[in-house]
Amino acid sequence: MPKPGLSRAVDVVDSELARTFLAVVAAGNFSAAASRLFVTQSTVSARIASLEEQLGCRLFVRNKAGTTLTAEGRWFQPHAATLVRTVERVRHEIGVARGFRDNLTIGARIGLWEGLLLDALPRIRLAAPEVAIRSELGFEDELMQGLIEGRIDIGVMYTPQRRPGLEVRQLLEETLVLVATDPGIRELPGPGYVHIDWGPEFNARHSAAFPAYGGPALRFNVGWLGLQHILGNGGSGYFPLRLVRSHLDAGRLHRAPGAVTFSLPAFLVHADAPERDGVATVVDLLLAQALDG
């Protein structure tokens with residue numbers, strides 16, 4: 001239970017302090033939060049100290065492993081998210097383009113835009129012509145932070161984090177296949193292999209599947225970049241079948257015979273009770289398109 005007076009103190013909390021609090025929660029420590037907010041660590045510390053002073057309680061316990069929330073911090077987290085989202089919603093509504101009723105921001109990794117979300121945009125425009133769409137690229141940490149703060153309305157990613165006030169729904173399940181420019185590839189992963197960082201679960205399963213493999217000469221954290229490198233210079237790598245199917249059909253790439261495949265689920269994240277019709281409409285459309293695909 002919160003301390004007496006804590007509920008009343010929340011009403012006067014500055015949104016910038018609440019945003020900093022949420023950044024620390026998401027990042028796990030003050031240093032990483034400072035990097036995300038583009039401020040110094042001392043600034044983050046000062047903001048949290050000011051917030052704790054306003055609320056009259058400690059929000060974090062700091063130790064060598066990072067930060068953990070106190071009971072009061074856990075109670076305050078959903079209120080901080082609501083405060084920041086409210087401020088961002090006001091900014092959205094003030095900045096709505098002329099001729100539109102609402103703004104909506106969709107963020108996703110580049111590999112999920114290609115061949116999926118980009119194809120959905122025309123359908124979204126037809127289904128919600130009164131909503132202006134902003135499209136963003138990002139990695140999971142950036143997307144989750146934007147969702148927590150309300151800057152992003154819908155996020156599509158491979159490894160989401162579960163946070164209060166956000167709903168996580170599986171959108172589709174990718175099949176990662178080993179493809180190569182050399183049709184005669186036999187050694188797996190083999191020379192010219194490029195490792196794509198598809199997330200911690202993929203990396204763990206990859207290590208288990210190839211325990212004797214010493215490691216690649218090239219790594220990419222963006223699948224699209226790795227694919228362009230292979231197409232331009234030769235080599236092999238694991239990619240979603242959805243993204244390489246056209247290259248396989250055209251003979252530019254070839255499936256490595258006998259190679260293990262990996263599953264990679266993609267998730268759709270949004271507010272657990274979207275208040276705006278446009279968000280619900282786009283969520284339903286994306287889920288339907290994934291089923292059709």
Side-chain angles (χ1 to χ4, degrees), residues 107-120 137-144 155-162 168-269 286-293:
R109 291 186 60 136
I110 188 171
L112 289 164
W113 275 110
E114 185 179 1
L116 180 64
L117 296 182
L118 278 176
D119 293 347
L137 294 176
F139 292 105
E140 276 73 3
D141 286 350
E142 303 165 84
L143 297 173
M144 287 302 305
V156 184
M157 64 197 81
Y158 291 122
T159 53
Q161 305 165 21
R162 297 192 180 274
V168 178
R169 306 167 73 173
Q170 183 166 330
L171 181 64
L172 56 86
E173 187 160 332
E174 306 269 31
T175 299
L176 297 178
V177 297
L178 182 59
V179 296
T181 50
D182 179 7
I185 182 174
R186 292 291 179 270
E187 183 183 346
L188 305 177
Y193 177 72
V194 171
H195 183 88
I196 308 298
D197 183 1
W198 294 112
E201 291 187 12
F202 166 76
N203 292 334
R205 285 180 286 163
H206 185 279
S207 296
F210 304 108
Y213 186 61
L218 278 175
R219 293 176 180 268
F220 291 93
N221 66 348
V222 177
W224 182 85
L225 291 175
L227 181 58
Q228 301 313 303
H229 170 81
I230 290 172
L231 290 171
N233 302 281
S236 62
Y238 272 98
F239 299 93
L241 181 58
R242 173 180 59 83
L243 292 183
V244 297
R245 186 175 282 114
S246 63
H247 298 294
L248 292 170
D249 292 343
R252 292 185 290 269
L253 293 174
H254 309 272
R255 290 278 298 268
V260 63
T261 62
F262 300 98
S263 63
L264 181 67
F267 298 88
L268 189 153
V269 187
L286 291 176
L287 290 170
Q289 174 153 326
L291 288 175
D292 294 343

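At least one side-chain heavy atom of N221 sits less than 4.5 Å from a side-chain heavy atom of F139. A heavy-atom distance below 4.5 Å is found between the side chains of P240 and L176. Using a 4.5 Å heavy-atom threshold, the side chains of V179 and F239 count as touching. Residues I110 and L225 form no side-chain contact, since every pair of their non-hydrogen atoms from C-beta on lies 4.5 Å or further apart. Residues V177 and T175 form a side-chain contact, since some pair of their non-hydrogen atoms from C-beta on lies under 4.5 Å apart. Using a 4.5 Å cut-off on side-chain heavy atoms (C-beta onward), D141 and Q161 make contact. By the 4.5 Å heavy-atom criterion applied to side chains, L178 and R255 are not counted as neighbours. The shortest side-chain heavy-atom distance between R169 and L287 falls under the 4.5 Å cut-off.
The aromatic rings of F202 and Y238 lie perpendicular to each other, with more than 60° between the two planes, well past the 30° mark.
Proximity of the aromatic rings of H195 and Y213 is defined here by a centroid distance below 6.0 angstrom, and this criterion is not met. Between Y158 and F267, the ring centre distance reaches or exceeds 6.0 Å. Aromatic pair H206/Y193: centroids less than 6.0 angstrom apart.
Expressed to the nearest 0.5 Å, how far NE2 of H254 lies from CD1 of I185 amounts to 10.5 Å. Remark: L172 CG to L116 CG distance equals 6.0 Å, nearest 0.5 Å. Interatomic distance, L117 CG to L286 CG, rounded to the nearest 0.5 Å: 6.0 Å. A distance of 10.0 Å separates CG of N203 from CZ of F262, quoted to the nearest 0.5 Å. Taken from CZ in R245 to CG in L253, the straight-line distance is 13.0 Å, to the nearest 0.5 Å. Annotation: the span from R219 atom CZ to I196 atom CD1 amounts to 10.5 Å, rounded to 0.5 Å.
For the pair R242 and E114, the tightest heavy-atom approach, listed with the atom from each and the gap, is NH1-O, 2.6 Å. Taking each heavy atom of A209 and V260 in turn, the nearest pair found is CB-CG1, 4.1 Å.
Residues satisfying the salt bridge (Lys or Arg N to Asp or Glu O under 4.0 Å) test with E140, not counting sequence neighbours, are R109.
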Verdict with reasoning, D197 to F220, per side chain to side chain contact (heavy atoms under 4.5 Å, CB included): CA-CA 6 Å; D197 183 1; F220 291 93; over 6 Å; no
